[in-house]
Colleague: 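Please read through the structure below; I'll follow up with questions.
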Amino acid sequence: MPSLNEIRGTFLDYFGKADHAVVPSAPLVPQNDPTLLFVNAGMVPFKNIFTGAETPAHPRAASSQKCVRAGGKHNDLDNVGYTARHHTFFEMLGNFSFGDYFKEQAIHHAWTLLTGEFKLPKEKLLVTVYHTDDEAAALWKKIAGLGDDKIIRIPTNDNFWSMGDTGPCGPCSEIFYDHGEGIPGGPPGSPDEDGDRFIEIWNLVFMQFEQLAGGERVSLPKPSIDTGMGLERIAAVLQGQHDNYDIDLFKTLIAASVELTGVKAEGAQAPSHRVIADHLRSSSFLLADGVSPSNEGRGYVLRRIMRRAMRHAYLLGAQEPLMHRLAPTLVREMGQAYPELRRAEASIVETLRQEEERFRTTLGRGMGLLDEATAKLSAGGVLDGETAFKLYDTYGFPLDLTQDAVRAKGLTVDTDGFDAAMQKQREMARANWAGSGQQGAAAAWFSIKEKVGATAFVGYETTETTGVVK
Ligand code: ATP
Ligand code: MG
Ligand code: MG
Ligand code: MG
């Protein structure tokens with residue numbers, strides 16, 4: 001059975017042999033796009049090439065790109081622990097053609113790799129195309145011999161990709177693997193497509209148009225290809241697992257957290273181990289790429305991820321900080337492919353430890369308050385905004401952590417009430433300062449607090465208009 005590391009190698013070797021320049025992953029913090037929180041797709045580092053602003057050294061490339069989808073337009077934070085296929089950090093395998101080959105070659109390569117190299121049975125695969133893309137449908141029939149029932153036409157933007165309001169765009173075609181009848185979920189385009197039976201493994205984007213500012217869409221003289229396949233998802237398929245969290249790497253990470261906590265990864269405890277393993281990866285990779293926990297922007301997304309993991313460690317009854325003790329296992333497993341992890345190991349361990357120690361003192365007390373407040377609520381109930389705000393302001397619980405905590409009980413949080421409580425507290429604080437006779441200092445202090453204070457969570461709102469695969 002191929003390991004995660006071997007599968008990454010097979011993908012890159014295949015495209016290397018097919019004359020693609022194999023390039024290393026770019027860092028998670030985007031180098032060319034200040035509007036984007038984190039690199040969230042393999043094409044992001046090539047954006048300027050696709051728009052024509054830069055000329056590539058070679059017309060074809062392949063990579064395994066580190067991606068984080070936590071915050072911004074693509075936010076899978078709330079899926080982790082709930083679906084079999086989502087991580088906050090994952091690797092996106094991709095092959096790219098910069099005005100070189102197009103649809104036919106892209107479909108040919110994907111099909112050859114999946115059924116030739118990886119030997120997946122054809123009957124387990126099905127594809128989607130954009131509803132007007134007759135060309136792609138005909139090519140799938142010709143190259144893969146798929147019947148009409150296995151080529152599903154999708155009329156929504158799920159199968160039409162665009163870089164932003166203007167710029168390159170085009171239809172896409174997604175390849176799904178059917179994990180079998182035992183698993184709930186319907187085929188793409190059906191009402192229960194979000195289940196985990198039919199899992200999207202690979203997205204082929206055909207950049208054939210350019211969207212102009214006036215609303216007109218013109219054909220590109222040299223269309224391009226951008227593809228993305230989740231390494232962990234194809235690894236699950238190749239390792240005979242339906243669930244990403246049962247692949248070799250996650251088994252090792254979860255075994256380490258089982259050993260350190262003494263709690264089996266079963267029943268109600270299983271999701272906590274998964275969340276911990278997932279968040280350990282995103283936290284460590286973000287730290288290795290220079291993000292530090294803070295109260296705003298990227299640093300606040302990192303802090304939220306770390307604190308969510310720490311709450312799950314608490315749920316498992318961990319008496320001592322846990323995350324930093326798991327980091328060496330991750331570095332051992334992934335450090336060869338990503339040497340930056342090895343270089344940063346000591347600082348990853350230290351930052352995880354400090355953050356956990358810092359949060360620990362208020363975490364337990366906050367959980368006590370939360371238990372008290374939710375004890376009187378039943379499924380479908382709403383936690384009041386005042387309590388959510390107190391948890392945030394006094395105990396350092398990011399709003400999404402509280403939402404995650406109550407979700408397990410079938411509850412939601414009154415976010416309007418949370419906002420109102422925050423507003424009220426700001427006004428009161430302002431009034432107190434105003435009465436203290438130090439107006440000048442107060443004004444300066446408030447402008448600083450509003451800039452960097454605990455209230456600034458860019459993570460949810462940041463507009464990301466560029467560089468994402470649908
Ligand atoms: P899904 O519909 O399952 O959320 P997606 O359509 O959002 O996936 P794309 O944006 O098309 O995903 O990304 C390309 C590929 O990257 C997907 O086909 C999938 O294999 C993988 N992928 C996307 N999001 C995740 C994630 N959160 N964790 C792991 N792999 C992912
Ligand atoms: Mg998605
Ligand atoms: Mg999808
Ligand atoms: Mg997709």
Side-chain angles (χ1 to χ4, degrees), residues 11 36-44 64-96 103 106-107 110 114 125-131 133 136 140 150-163 168-179 183 185-207 224-234 236-237 242-245 278 282 301 305 400 459-460 462 464-470:
F11 180 93
L36 187 67
L37 212 45
F38 300 118
V39 170
N40 56 17
M43 64 76 64
V44 172
S64 182
Q65 174 62 46
K66 302 183 276 188
C67 293
V68 165
R69 292 192 174 182
K73 183 172 155 190
H74 277 288
N75 186 356
D76 286 329
L77 197 49
D78 291 327
N79 287 324
V80 173
Y82 291 90
T83 73
R85 68 185 196 277
H86 288 105
H87 307 294
T88 53
F89 170 92
F90 64 100
E91 288 180 66
M92 199 185 284
L93 302 167
N95 57 292
F96 307 94
K103 257 177 229 187
I107 290 175
L114 291 178
L125 297 166
L126 60 159
V127 302
T128 61
V129 297
Y130 191 53
H131 64 139
D133 195 356
W140 277 116
K150 295 289 181 77
I151 304 173
I152 300 169
R153 288 174 183 257
I154 303 280
T156 66
N157 275 349
D158 267 356
N159 280 66
F160 195 90
W161 178 86
S162 35
M163 192 179 275
C169 58
C172 43
S173 181
E174 298 191 319
I175 306 171
F176 287 73
Y177 184 83
D178 179 1
H179 280 277
I183 295 148
S190 72
D192 53 348
E193 64 175 1
D194 279 336
D196 281 327
R197 173 172 168 185
F198 295 89
I199 289 196
E200 176 190 330
I201 50 175
W202 203 346
N203 189 354
L204 315 181
V205 180
F206 310 127
M207 286 186 207
S224 288
I225 290 293
D226 153 31
T227 85
M229 170 157 66
L231 172 62
E232 300 78 1
R233 293 192 190 179
I234 185 67
V237 170
H242 113 266
D243 192 312
N244 279 19
Y245 290 87
D278 173 86
S282 43
V301 178
I305 295 173
D400 68 290
Y460 302 117
T462 305
E464 290 180 352
T465 52
T466 50
V468 279
V469 178
K470 280 282 171 196

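Order of appearance sets the numbers: ligands from 1, and atoms from 1 within every ligand. One-based numbering along the sequence shown.
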Colleague: Knowing that exactly one of Asp76, Asp243, Asp196 qualifies, which makes a salt bridge (Lys or Arg N to Asp or Glu O under 4.0 Å) with Arg85?
Modeller: Asp196

Colleague: Is any N, O or S atom of Asp158 under 2.8 Å away from the Mg ion (ligand 3)?
Modeller: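 It does not; every qualifying atom lies at 2.8 Å or beyond.
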
Colleague: For Thr88, is there any backbone N or O sitting under 3.5 Å from a side-chain donor or acceptor partner on Asp278?
Modeller: yes

Colleague: Write the atom name of the N, O or S atom in Glu200 that is nearest the Mg ion (ligand 4).
Modeller: OE2

Colleague: Quick check, are the ring centers of Phe198 and Phe176 under 6.0 angstrom apart?
Modeller: no

Colleague: Please give the atom name: the N, O or S atom of Glu174 nearest to the Mg ion (ligand 4).
Modeller: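 This turns out to be OE2.
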
Colleague: Without swapping roles, check the side chain of Asn159 against the backbone of Cys172 for a donor-acceptor pair under 3.5 Å.
Modeller: yes

